[in-house]
Amino acid sequence: MNTIGEGWNAVFPIGLPHFQINNSCGEVKFLSSLSHEDPGDLTLPDRMLGFPDTVLQTAFNIGHYGNGTDQFKAKIDMREIQKKCLNTCKHSTPPNN
């Protein structure tokens, strides 16, 4: 994982899954430029929550016994990640843009 500093940039090839996260509670401004006026949006972690357990077990080498997939799904659920972030920064709702 890379940390991008002020004035830096990053280029993501078309179709490459990527993410951005603010590791602090400070304000961050982010500018993106896309190759199409309507590039679409796919929240991969939320999409993966609907995958059959056997697919997740094979793709991510998750234990085939017990609740391995339940734990994995809890870790990638964006709603849970957002709740944790809001709690850490002591916000009840996401700050307005």
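Nothing here was measured: the structure is a model prediction, and the numbers come from that model.
For Phe51, the ring pair (Phe, Tyr, Trp, His ring centres under 6.0 Å) test picks out no residue, with sequence neighbours left out. With sequence neighbours excluded, no residue forms a side chain to side chain donor-acceptor pair (under 3.5 Å) with Ser33. Every residue was checked against the salt bridge (charged side-chain N to carboxylate O under 4.0 Å, His left out) condition with Lys84, not counting sequence neighbours, and none meets it. In this view, Cys25 and Cys89 satisfy the disulfide bond (SG atoms under 2.5 Å apart) rule, not counting sequence neighbours. The side chain to side chain contact (heavy atoms under 4.5 Å, CB included) test applied to Pro52 returns Thr54, Val55, not counting sequence neighbours.
Applying the salt bridge (Lys or Arg N to Asp or Glu O under 4.0 Å) rule to pairs touching residues 5-23 yields nothing, sequence neighbours excluded. Judged as a salt bridge (Lys or Arg N to Asp or Glu O under 4.0 Å), the pairs with a partner in residues 11-30 (not counting sequence neighbours) are, in order, Glu27-Lys29. Residue pairs meeting the salt bridge (Lys or Arg N to Asp or Glu O under 4.0 Å) criterion with at least one member in residues 49-58, sequence neighbours excluded: Asp53-Lys73.
Within the model, atoms CZ of Phe72 and CD of Gln57 stand 11.0 Å from one another, a figure rounded to the nearest 0.5 Å.
Nearest heavy atom pair, residue Thr69 against residue Ile62, reads N-CG2, 3.7 Å.
Its side chain within the 4.5 Å cluster rule, Ile4 clusters with Trp8 among the Ile, Leu, Val, Met, Phe, Trp and Tyr residues.
Cluster membership check: Leu86 does not share its hydrophobic cluster with Val28, using side-chain heavy-atom separations under 4.5 Å among Ile, Leu, Val, Met, Phe, Trp and Tyr.
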